[in-house]
Each structure stands twice: as C-alpha cells, then as structure tokens.
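What you see is a predicted model; the values in this text were computed from it and never measured. Residue numbers begin at 1 in each chain, while the letters A, B, ... track the order of the sequences.
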Number of protein chains: 2
Amino acid sequence: MSVAHAIETPSPGPLHPARCNGCAHLPACQAAGYGRSELRGLQCIAEPAGLLRDGEYLYRPLTPFHAVYAVQAGMAKSVAVDRAGRERVLAFHLPGELFGLDALWLGQHDNAAVALGRTQCCRFPYAALRELASRQVEVQTHLLYAMSRQLHRQHLDAADGSAEQRMAAFLVDLHARREALGCSGAALPLPMSRADIGNHLRLATETVSRLLARFRDAGLLRVTRSGVELLDMDGLRHVGWGEP
Amino acid sequence: MSVAHAIETPSPGPLHPARCNGCAHLPACQAAGYGRSELRGLQCIAEPAGLLRDGEYLYRPLTPFHAVYAVQAGMAKSVAVDRAGRERVLAFHLPGELFGLDALWLGQHDNAAVALGRTQCCRFPYAALRELASRQVEVQTHLLYAMSRQLHRQHLDAADGSAEQRMAAFLVDLHARREALGCSGAALPLPMSRADIGNHLRLATETVSRLLARFRDAGLLRVTRSGVELLDMDGLRHVGWGEP
DNA sequence: CGCGCGTTTGACGAACCTCAACACCAGTGG
DNA sequence: CCACTGGTGTTGAGGTTCGTCAAACGCGCG
C-alpha cells in the first residue's frame with residue numbers, strides 16, 4: 001500500500017492524502033489496487049513501518065496481532081517455526097501484497113515476517129482497519145479479496161511435481177507478480193537466500209543451486225548475483241507445468 | 001452451519017429461526033460457532049444444498065462464484081486441477097467448516113468441491129452474505145475469521161518433513177478437528193480413498209498404505225474398514241512432529 | 001459365484017537429500 | 001593494496017526415502 005511517511009518533499013496530488021505524497025512507491029501501490037479512490041480511507045490509517053535492513057523482523061511468532069502489513073519496496077518473507085525449531089518459509093511478499101491477516105484467527109501471529117534486503121513497509125492497525133471496514137463496504141470487500149487472493153496463492157504453492165517443475169513455477173510466478181506491479185523486464189531479483197528458496201519449495205539448497213545451473217545450461221535464464229535474468233519465459237512455463 | 005431445510009417436523013426453539021429447527025445437525029453447527037446469537041442472521045440466509053452421494057459435486061472449476069458452502073454432516077474435499085489434468089486435493093472439510101471463499105478473488109471457482117460418502121451441505125448465497133455483512137459487523141468479522149482460520153490451516157498443510165511425519169500429523173489434525181466438533185472417541189472415519197489422502201499429503205497411495213501398516217504394527221492405531229481407530233494419540237503426535 | 005475396484009505388500013530404481021570439499025564474494029583489518 | 005575470514009553459493013559422490021511397477025488380496029456388488 002502506498003503509504004510511506006513523506007521522506008522526500010511532498011508534492012500534493014489529487015488522489016492521495018498528504019501522507020502518501022512523496023512516497024516513491026506509489027506506482028506499485030496503485031498497481032496493487034490501493035490507489036482506487038474508494039480505498040482512500042485505507043491510506044489515512046496506514047502508518048510507516050520504517051526502512052528495514054536484511055533480516056529485520058516486522059513481527060515475531062507468539063506476539064499479539066495488532067496490525068496487518070504491506071511491503072512498499074523490497075521484499076519480505078513469512079516464516080513459521082514448528083515446535084521442533086525447524087523453520088518453514090510460507091511465502092515471499094512483493095510490494096502491495098498484504099500479509100499478517102492470518103493472525104486474526106488466533107489473535108496472535110504464529111509466524112514471523114522478515115525483511116529480505118533493504119525493505120520498506122507500512123502497517124495498518126487492525127483496530128482502525130476494522131472500524132473503517134464497518135463503515136465502508138469497499139474496505140470490507142477489499143480485505144476479503146486480499147485474503148481470498150492469499151488462499152489462492154497457497155493453492156499454487158501446494159502444487160506437487162518434480163523439483164524442476166516447482167522451481168520453474170516459482171520463478172514464473174514471481175515474474176508474473178512483478179509484472180502485475182509494473183516491473184516488466186527479464187531481470188528477476190532474488191534477495192532471499194538459496195536456503196529460503198529451497199525451504200519454501202521443499203528442496204535442499206544444493207538442489208536449488210543445481211536446478212538454476214540446469215536452467216542456465218538449457219538457456220532458460222542467466223544467473224546473476226542477487227537474482228536471475230529470465231531468457232525464455234515460455235520455456236520456463238513449460239518446465240513449470242511438466243511440458244504438455 | 002446449522003441450516004438445513006426442515007426435513008422433519010419443525011419444532012420451534014428459542015435460538016434458531018424456523019428453517020433450522022428439525023435439522024439433525026444442529027449440534028455440530030453450534031459447536032462450530034454458528035449457534036451464537038449474533039450470527040443468527042446467517043441462518044436466515046442459508047439454503048439446503050441437499051444430501052449428496054459419494055463423488056457428487058458441490059461446484060466445479062471455472063464455474064461462477066455465487067455462494068460459499070459448509071458441510072453439515074459427512075465430509076467433503078476441495079480438488080484443484082492443474083492444466084496438465086493432474087488433480088490435487090487441497091483440503092478435507094468437516095462439518096461446520098466454511099469453504100468456497102477462495103473463489104471470491106477471481107469471481108469463479110478454481111477448484112471443485114466433492115462429497116466424500118453421503119454428505120449433507122448448506123450454501124450461503126454470496127449476495128445475501130455480503131448484504132448481511134455490510135449491516136452486521138459480527139458477520140463481517142466472522143467471515144474474516146473463517147478465512148484467517150483457513151489460511152492458518154494451509155500453513156499446517158504446507159509443513160515439510162518425512163512421509164511418516166505428514167501422515168501422523170494429518171491424522172492428529174483430523175482427530176483434533178473432530179473433537180472440536182464434539183466428536184470425541186478413538187474412531188476416526190476416513191471416507192476418502194487412500195489416493196485422496198496420498199494426493200493431499202504428496203504421497204503415493206502405496207506409501208499411505210505402508211505407513212498405516214507401520215503405525216498399526218507400532219500399536220499407534222487399528223485399521224478398520226472405512227477408517228482408523230486411534231490407540232496412541234501421544235505416540236502419533238510425537239511421530240507427527242519428528243519425535244523431540 | 002465371479003467380476004471389478006480399492007487396498008495391500010514386495011522388489012526395484014530414481015529423485016532428491018546428506019555429507020564434504022571447494023569457489024566466490026564482501027567486508028575487515030593490517 | 002592485499003591477505004584474511006566468514007558466509008553463501010556451487011559442485012561432486014554416495015545413501016536413503018519414497019515413487020513406480022507388478023502381483024495378490026479382500027470386499028462389495030451384480
């Protein structure tokens with residue numbers, strides 16, 4: 001969501017309250033739908049959550065649920081910890097994607113949200129959100145949509161198949177989500193570690209490495225540091241759904 | 001949810017509208033929270049979805065989203081079909097559990113809901129639900145909670161680990177959900193096929209069979225036809241989270 | 001009774017994990 | 001500027017788990 005404290009000089013615009021002006025990440029937010037005029041109320045209750053460094057936490061497990069979050073720039077991951085202490089990367093969050101709503105049910109977070117690289121976020125206090133939703137049907141609907149989208153995403157992540165398929169599908173999905181935000185181009189930054197990718201895809205980090213090498217040798221992508229450059233999206237897509 | 005068309009003679013009660021009286025499944029619904037007085041409005045908009053036979057569909061992929069559903073008695077599964085035609089069992093639904101809300105985002109179902117054995121369901125037309133939610137904050141909150149719970153469930157399903165762990169965790173989870181509905185006891189009916197279980201847990205059906213046999217030999221359960229009888233819940237729990 | 005389907009059990013092979021060594025940076029301090 | 005160092009990523013060899021193939025079994029049903 002597009003609400004950062006105005007870091008640079010605010011330049012008033014017609015569509016957004018003062019807090020949003022000057023936010024460098026407004027385009028991403030608008031692409032995510034938060035620029036729609038019915039939702040302007042959302043921007044009024046958003047608070048900046050600061051500029052986080054790599055590895056810093058937005059919230060931790062077993063802490064009370066007070067707000068939902070959105071990335072403005074950068075990336076974040078949600079990490080669950082099972083009782084044996086093993087971590088599980090549940091999702092990666094791109095700008096404009098709401099997360100933390102899963103804590104509503106228990107009233108406390110059961111997973112952690114961690115910044116991947118320099119990441120800017122904003123938070124929506126739940127009390128204000130709830131109050132707003134009770135008055136504005138659009139906000140209410142928007143929340144339901146956001147959760148529905150999240151459920152839909154997890155269905156995708158549940159996909160079975162070979163390591164190769166999951167890896168390719170992962171890259172294709174990330175690329176598609178970036179495109180939806182207006183970030184077109186072959187470059188796909190991967191600020192998370194190989195361990196994170198592997199954990200999320202249920203693969204060993206070595207397997208992630210090997211698969212990227214295999215894709216590289218097949219001419220599907222180029223491995224750059226801090227990411228990949230996608231050369232053959234169609235090829236990747238075909239690998240992703242087990243070449244029909 | 002406790003709303004079936006009154007199949008038997010309605011006998012007016014103080015807590016439920018006429019449509020709910022006579023519903024044989026009211027206790028399960030109440031246990032799921034749908035008996036709470038604030039939610040009585042929900043019962044007014046519910047419609048019976050009939051008594052389904054094994055394998056019958058509540059909805060299919062690519063059909064428009066018009067309602068959300070709940071099992072009253074029996075069990076249902078959600079099945080996604082990827083573009084290669086492979087099926088994926090996303091979840092099993094017990095009485096009182098709401099499902100179909102994931103279709104909100106796209107406006108159409110991307111998966112199917114199928115009855116497992118004789119199953120009775122009711123449906124909540126989304127238009128009425130939305131209208132009710134806009135007037136009653138409790139209903140609104142209830143929907144958000146239901147989705148939050150579903151997200152939470154999927155986090156559990158995302159758990160990695162050995163086949164043994166996933167299988168044990170699956171049984172423990174089903175048992176816990178049944179207990180929450182007031183169905184205590186060691187008997188755990190499994191109306192779905194081994195193939196369904198395996199699909200959901202990312203295992204071959206043969207592996208499911210072998211694991212059940214292994215659990216049986218370890219004295220953790222007894223395999224009955226159409227289900228299992230849980231003999232050592234603690235043992236299963238320990239297997240489930242990789243014996244700490 | 002015989003047929004058909006779902007389940008069970010066994011043998012084998014492959015995909016992927018584990019272990020281990022190495023290469024590659026980035027940051028740090030001399 | 002360079003060497004050092006720790007962390008991350010890459011590559012290779014061997015093992016284990018689990019999937020695949022195949023066959024027998026049991027149960028329900030016509």
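Applying the side-chain hydrogen bond (donor to acceptor under 3.5 Å, both in side chains) rule to A/Asp234 yields the partners A/Arg237; only residues at least two apart in sequence or on another chain are considered. A/Phe215 meets the ring pair (Phe, Tyr, Trp, His ring centres under 6.0 Å) test with no other residue; sequence neighbours excluded. For the side-chain contact (heavy atoms from CB on, under 4.5 Å) test, residues two or more places apart in sequence or in another chain that qualify with B/Ala195 are B/Ser193, B/Thr205. Shown here are the side-chain contact (heavy atoms from CB on, under 4.5 Å) partners of A/Asp54, two or more places apart in sequence or in another chain: there are none. Applying the side-chain contact (heavy atoms from CB on, under 4.5 Å) rule to B/His155 yields the partners A/Leu90, A/Asp102, A/Asp110, A/Asn111, A/Gln154; only residues at least two apart in sequence or on another chain are considered. For B/Arg60, there are no side-chain hydrogen bond (donor to acceptor under 3.5 Å, both in side chains) partners at least two apart in sequence or on another chain. Considering only residues two or more places apart in sequence or on other chains, A/Glu206 meets the side-chain contact (heavy atoms from CB on, under 4.5 Å) condition with A/Ala204, A/Arg210.
When the local axes at the two ends of the helix from C/dC1-D/dG30 to C/dG30-D/dC1 are compared, using 5 base pairs at each end, they differ in direction by 30° after rounding to 10°.
Under a 3.5 Å cut-off, the side chain of A/Ser148 and the backbone N or O of B/Trp105 do form a donor-acceptor pair.
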Which pairs of donor and acceptor atoms, one on a side chain in residues 168-185 of chain A, lie under 3.5 Å apart (sequence neighbours left out)?
from	atom 1	to	atom 2	distance (Å)
A/Asp173	OD1	A/Arg153	NH2	2.9
A/Asp173	OD2	A/Arg153	NH2	2.1
A/Asp173	OD2	A/Arg177	NH1	3.2
A/Arg177	NE	A/Glu97	OE2	3.0
A/Arg177	NH2	A/Phe92	O	2.6
A/Arg177	NH2	A/Glu97	OE1	2.9
A/Arg177	NH2	A/Glu97	OE2	3.3

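No more than 12 heavy atoms of other residues, nucleotides or ligands lie within 6.0 Å of CZ in A/Arg222, so this atom counts as exposed by the packing criterion.
Ring geometry, A/Tyr59 versus A/Phe99: the interplanar angle falls from 30° to 60°, so the pair is classed tilted. Taking the six-membered ring where the residue is Trp, A/Phe65 and A/His109 present perpendicular rings, their angle passing 60° and hence far from 30°.
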N/O contacts under 3.5 Å, protein versus nucleotides 22-28 of chain C?
from	atom 1	to	atom 2	distance (Å)
C/dA26	OP1	A/Arg225	NH1	2.6

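The footprint of chain B on DNA chain D, defined by a heavy-atom cutoff below 4.0 Å, extends from D/dC18 to D/dG28.
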- When you check every protein heavy atom under 4.0 Å of nucleotides 9-19 of chain C, what one-letter string (B, S, -) results, 5' to 3'? BBB----SSBB
